[in-house]
Amino acid sequence: MKKNVFVLVLGVALVMSCFASAQERPAWAKETKEEKEKRMAWWTHDRFGMFIHWGLYAQPARHEWVKHNEKISDEDYGKYFERFDPDLYNPKEWAVRAKEAGMKYVVLTAKHHEGFCLWDSKHTDYKVTRTPYGKDLLKPFVDAFRAEGIRIGFYYSLIDWHHPDFPYDGIHPNGPKDPDERRKANESRDIKKYQQYLKDQLTELLTQFGRIDELFLDFSYPGEDGKGYKDWDSENLIRLIRKLQPGILIDDRADLNDTDWGWDFKTPEQTMPVEWPSVNGQRVPWETCQTFSGSWGYHRDEATWKSVRQLTVMLIEVTSKGGNLLLNVGPTARGVFDSRACERLAGMGKWMAYHSRSIYGCTQAPDGFQVPENCLLTYNPDTRRLYIHVLEWPVSVLHLNGYKDKFKYAQLLNDASEVRYRVDGDNVTLRLPVLQPNDVEVPVIELFLE
C-alpha cells in the first residue's frame, strides 16, 4: 500500500488526473450500468474482506515501505531475498481464520512496490521460487481460500523498485535525488519494456489461478516527477484485464478516474468517508482498506493496534454508508499471523457469528429513517429489515423519532428476544433491558419493517 505520508498527495493527484487523463470511452468498453451492477452484486452483498500484505519486508519487520523509508540499496535489501523462508506457512489456517472472522473475500499482495513476486513468474528471477523457501506461494493460497468458499483477489503493484526498466522518480528509494540527475539516469531505462512486463505478469496472474474476483492495482501519482496512466499504458492494461477475466472487479488507482470504464470502485485508504462517496452527484461502489495498526506489512514494534470494538464499529459504519471493508493482516516472515491479529479476527468473528445479517446484503438505511442517538443504521432491502447498532447502551429506553407505523416487530439480534415498545405520537420508544446484552461488543436491534 501507500506510505501514509503519501495519502494526501495521492488524493490531490487523483483529482488532478481527472483532467490529465480525460479520454473518450473506447469501443471495447461496452458494459451497461445494469450489467456492471450485476457483475458487482456478490461484492456489494458480502461487504467484508481480508487484505494480506506479505513480502520480503516481513523480515526487517518495520513497515512495508522500509526500503524507501531507510533508502536501502538493492544490494543491502538482497539479504532479505537470500533468507526468505516462511517455513510455517499454512494457508489453510489463514483461510479458516478469515472465514471465522466473517470475511467473504481475500486480496493478497502478489507483488508489492519492492518488486518481489509470490509466484513462479517466468518474467523475473526476483520471486519466491528463487529464495530458500523455493516454492510457489500463490497456488496453495488460492486452493486453501477457495476450499473455504472465500473469493480470490490479487493486489499487484504498478510500482516496482527492483525492475531495471522502472524509471526513477520522486519516491524511488534508490534513484538520484536531483531531478536532472534522475532524468539522465533514466535514459537507460525503457518504460515501454516495463509496460510489457506489467502486462506479462498480469497475464500470468489472471490465467494460471482460475477465476480471480478482484484486482487491486496500486498506485498512480501523476505529475512531472510521478507516474500516471501514460506510464502504465492504463487503457490497454485494463482492456487486457477485462479480456482475461471478464467478471473481475478493478480498483480506481490506474489513473483513469474520469472514466466510467477504467475502475469499478473507489478506495479511500485508512480513512472513513463522511458520507457515501459520489462521482458527478451519483453514489458509487466503494471499499475502504484499513489496518489493525499503522502498518500494512508485519511490523514487530508497532503498538497502535485498534481494539475489537473499534474494528467492529468500523465495519458497521462502512456498511451504514453503503461500502465494503477490506481489513489487513501482515503475516510474519515465518508465514503466520501475528497473535494480535488473530485475537482481533477471533473477536470480530464472535460478533459476526450472531450479527452478520446486519452486514451481509445490507446498505445505507432509506432517507426516511432518522438515526437514533449513539447508533448506526444498516438496512437489508431484500428482507426489509432495519438494524439499529447501539454504540452506547441507554438506560432502559431508546427513542425512535418518526418511526410510527414503520415497523411491526422488534428483537435483539443476538438472541432473537423480543423488544417491546410503545408509540408516542409519531415516535416510538423501545423498552430495553437495563443491562447491555452480556458479552456482546455492539448490540443490534432488528426491526421488521411494514
Side-chain angles (χ1 to χ4, degrees), residues 36-50 98-105 149-151 213-214 249 264-266 268 272-278 282-290 308-327 348-372 374-391 398 400 403 406-416 419 430 437 440-450:
K36 180 176 180 177
E37 289 177 353
K38 182 177 181 180
R39 176 166 58 85
M40 298 190 69
W42 69 266
W43 187 84
T44 52
H45 174 276
D46 289 351
R47 293 298 181 208
F48 192 21
M50 174 179 279
K99 184 176 182 178
E100 290 179 347
M103 293 160 162
K104 293 290 191 177
Y105 61 101
I150 297 174
R151 290 178 179 265
D213 298 286
E214 180 175 329
L249 309 188
D264 291 314
F265 56 93
K266 307 303 289 183
M272 180 67 69
V274 175
E275 59 185 14
W276 191 328
S278 62
Q282 298 294 318
R283 290 173 174 171
V284 295
W286 68 281
E287 173 187 79
T288 180
C289 44
Q290 301 275 351
V308 171
R309 175 178 171 77
Q310 283 179 295
L311 295 164
T312 303
V313 172
M314 181 190 295
L315 174 61
I316 296 165
E317 184 174 358
V318 168
T319 306
S320 77
K321 297 173 180 177
N324 285 30
L325 174 62
L326 191 61
L327 188 58
M348 295 187 77
K350 182 178 179 181
W351 184 84
M352 285 289 284
Y354 294 94
H355 301 91
S356 63
R357 75 180 186 221
S358 73
I359 301 296
Y360 302 145
C362 290
T363 187
Q364 183 167 304
D367 293 339
F369 290 93
Q370 183 175 330
V371 182
N374 296 320
C375 294
L376 290 169
L377 299 181
T378 64
Y379 169 68
N380 188 314
D382 293 328
T383 62
R384 287 192 48 75
R385 296 185 190 183
L386 186 76
Y387 297 93
I388 305 173
H389 301 78
V390 186
L391 306 183
L398 182 66
L400 307 180
Y403 277 58
K406 288 188 175 181
F407 69 95
K408 53 193 174 185
Y409 188 77
Q411 66 181 19
L412 287 173
L413 185 54
N414 65 294
D415 62 1
V419 174
L430 299 179
V440 176
E441 200 69 64
V442 180
V444 180
I445 300 166
E446 184 177 39
L447 301 184
F448 293 69
L449 302 186
E450 291 288 355

About how many Å separate [atom2] of [Y] and [atom1] of [X], when rounded to the nearest 0.5 Å?
| X | Y | atom1 | atom2 | answer |
| --- | --- | --- | --- | --- |
| Glu287 | Leu249 | CD | CG | 9.0 Å |
| His389 | Ile316 | NE2 | CD1 | 4.5 Å |
| Met314 | Met272 | CE | CE | 6.0 Å |
| Thr378 | Arg385 | OG1 | CZ | 12.0 Å |
| Leu386 | Tyr379 | CG | OH | 8.5 Å |
| Phe448 | Gln411 | CZ | CD | 4.0 Å |

Is there a side-chain contact between [X] and [Y] in this structure, where contact means two heavy atoms from C-beta onward sitting under 4.5 Å apart?
| X | Y | answer |
| --- | --- | --- |
| Met103 | Ile150 | no |
| Leu449 | Phe369 | yes |
| Asp264 | Trp43 | no |
| Lys104 | Trp42 | no |
| Leu391 | Arg309 | yes |
| Trp351 | Ile359 | yes |
| Pro437 | Tyr354 | no |
| Leu377 | Ser320 | no |

side-chain contact (heavy atoms from CB on, under 4.5 Å) between Val440 and His355, worked out = CA-CA 10 Å; Val440 176; His355 301 91; 3.7 Å; yes
Got a sec, which pairs hit salt bridge (Lys or Arg N to Asp or Glu O under 4.0 Å) with one end in residues 406-415, sequence neighbours left out?
-> none
Using the salt bridge (Lys or Arg N to Asp or Glu O under 4.0 Å) rule, collect all pairs that involve residues 41-50, keeping only residues at least two apart or in two chains.
-> none
What are the two closest non-hydrogen atoms of Val390 and Val442, and how far apart are they?
-> O-CG1, 3.8 Å
Not counting sequence neighbours, which residues clear ring-ring contact (aromatic ring centres under 6.0 Å, His included) with Tyr360? List them please.
-> none
Should Asn324 and Thr288 be marked as a side-chain contact (heavy atoms from CB on, under 4.5 Å) after you check the CA-CA gap, both sets of side-chain angles, and the distance that decides it?
-> CA-CA 6 Å; Asn324 285 30; Thr288 180; over 6 Å; no
